[in-house]
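What follows is a single structure, written as structure tokens, with notes after it.
Chain naming here is simple, since letters A, B, ... match the order of the sequence lines and numbering starts at 1 in each. Owing to the predicted nature of the structure, the values given are computational and were not obtained by experimental measurement.
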Amino acid sequence: MTKEHGTGYGIYVIVWIALLVLTGATVAVSYANLGLMNVAVALLIASVKASLVALFFMHLKFENKLVWTFALVPIFFLLLVVGGTLSDTLFR
Amino acid sequence: MKDTTADGVALTVSGDAHPRGYLEEKGFWSWVYTLDHKRIGLLYLYTTLFFFLLGGIFALLIRIKLLYPGQQIFSDHMYNVLFTLHGSVMIFLFIIPAIPSGLGNFFIPLLIGARDVAFPRINLASYWVFVAGILVILASLVRPMDTGWTFYTPYSAKTAADVTLLSFGIFLVGMSSILTGLNFLVTIHKLRAPGMTWHRFPLFIWGMYATSIIQVVATPVVGITFLLLAMERLFGVGFFDPAKGGDPVLFQHFFWFYSHPVVYVMILPAMGIISEVIPVFSRKPIFGYRAIAYSSLAIAFIGFLVWGHHMFVSGMSKTANIIFSFLTFFVAVPTAIKVFNWIATMYKGSITFESPMLYALTFIFLFTFGGLTGMFLGALATNVHAHDTYFVVAHFHYTMMGGTMMGLLAGLHYWWPKMTGRMLSEKLARAGWLLTFIGFNVTFLTQFFLGYGGMPRRWAEYPAQFQPLNIVSTAGSWILAAGILIMFVNFIRGLYTGEPAPASPWKGLTLEWQVPSPPPTENFEEIPHITNWPYGYTKRKTDGYE
Ligand SMILES: [Cu+2]
């Protein structure tokens, strides 16, 4: 928190533009019908955006191992709830 | 104060300027605005114990109704409301918050040598969010819930009862639970006294750490689920309605992804208490410290892999049924590790049977019973036979009331002198224990037989052949109620006229016993330096324990 990351504001602008571009991509893709892949592509873009926000805006990139652990563990549990539910819906 | 032996205790207590410690300050506002983790812990304890009594009254009414097989005493709808209220109040307002937010708040900082939790203001906020949740839940009584505490769709999406309001109340209660868990995680990582390494933690801390992880990771899922349900009820969005492309089983997946792990939010802190009480009253170092510590984490982790065992007859895929049934058996491993280590701790110890120990032993006995019957329910084939019968009700009450509740009572009797500065009457405590133990078994052991014989749960009316055992069970609930009444008389008596408690009435070695009873507001005059684990107990004759 108190330590200087030495990145300046430039990186924030770049990340912001990247987020805007990705939002545009989401909108553009929604016009194409990719079948089941619709959801996959939308989720992929959203995940990249969330990662950018976490890494730069929320400074995760500059944090120590403990903070990284606490950031990553819930993602594992998210995969668990999705995976467990799919073990039902994909095999009915 | 660097001395961590029992002999150092007397020195600290004498010359104490505030004999009432953190309780010195009086008045309404001193409690409303308090940032002291001990006072917030007490607020939680009083609130949750109140709802325990309320939920108990609902339970007694349910048992009275079940004296007769037909539609006597209450209408069928009233019966549905009663068991929904019993389940919701007991689970969300009592058994989930009681040990973590009550005893956890009070003892985590004391046990790791800290002056408070990491975020005292968030701690106070969590209590008032909890109260806000309670008020919303009470408001839902205008059109009381009749869905059961599980809120299953499609019924919960359609009933005229106030599902949205009740689930919003539980949403708030869940938020309070997340705040508490987060606070404890940071406290345990960041506020430990110098020398308090992870392997010098009292085992209660390990249990609370595992609990906090579940609270933080699982609770948001049920919160989101309730939001989805509200959107379906209010705006007609079809998350769970098949006619709109939804899936009613999806609700069960989300609900149990929270509600299975949350039974470990209930049981892990209780197991932590048992791990503290057993060595103290056996005068022996805890056996298998690391095994008990790591098995808490293992239980928390495996607890996330097994939620589907509630859904074997819900139309879930065969593949998922097999996977979830298989994984469920793994929960038994870390649980058994704990039980064996507690028994090994007692082996050849100098055991005394004061009330905390009586409750701890009751925990081991009843919880083992509950856990083993869980194997019947985890196995796919027997589950189909026993599903939605009283067998499940009995199993759940053996693990939760026989387990968590007995753990809480062990903790309350063990730590009461520390929290209030007054001793309980041991005579009343034993009388309360005896009646509770007998009443509990008469009430719920019968229900295993009822369930195995095929009596369905949640039915307001049942085949007449089940009446005799139901009468036995109801009679048991009255013995149980008498035991709990005596226990509460003892608590209230102890508050006002109990003998002043010494700093360490049980000669415990963990840090909370090194400070006066009740502890001063800042907990420790000087933060202790920890040089050893807290379980270096020796046999009675060598340490002068009578
Ligand atoms: Cu379960």
Okay, A:L66 and chain B: the region with an atom under 4.5 Å from a heavy atom over there is side chain

Is the gap between the ring centers of B:F254 and B:W307 under 6.0 Å? no

The interface call for B:D247 against chain A, heavy-atom contacts under 4.5 Å, is side chain

message: Tell me whether B:W206 contacts the main-chain N or O of B:W198 through its side chain, where contact means a donor paired with an acceptor under 3.5 Å.
response: yes

The interface call for B:F301 against chain A, heavy-atom contacts under 4.5 Å, is side chain

Next item on the list: Please find out if less than 6.0 Å separates the ring center of B:F251 from that of B:W256.
Entry: no

- Message: Between B:F257 and B:F304, is the ring centroid distance below 6.0 Å?
- Response: yes

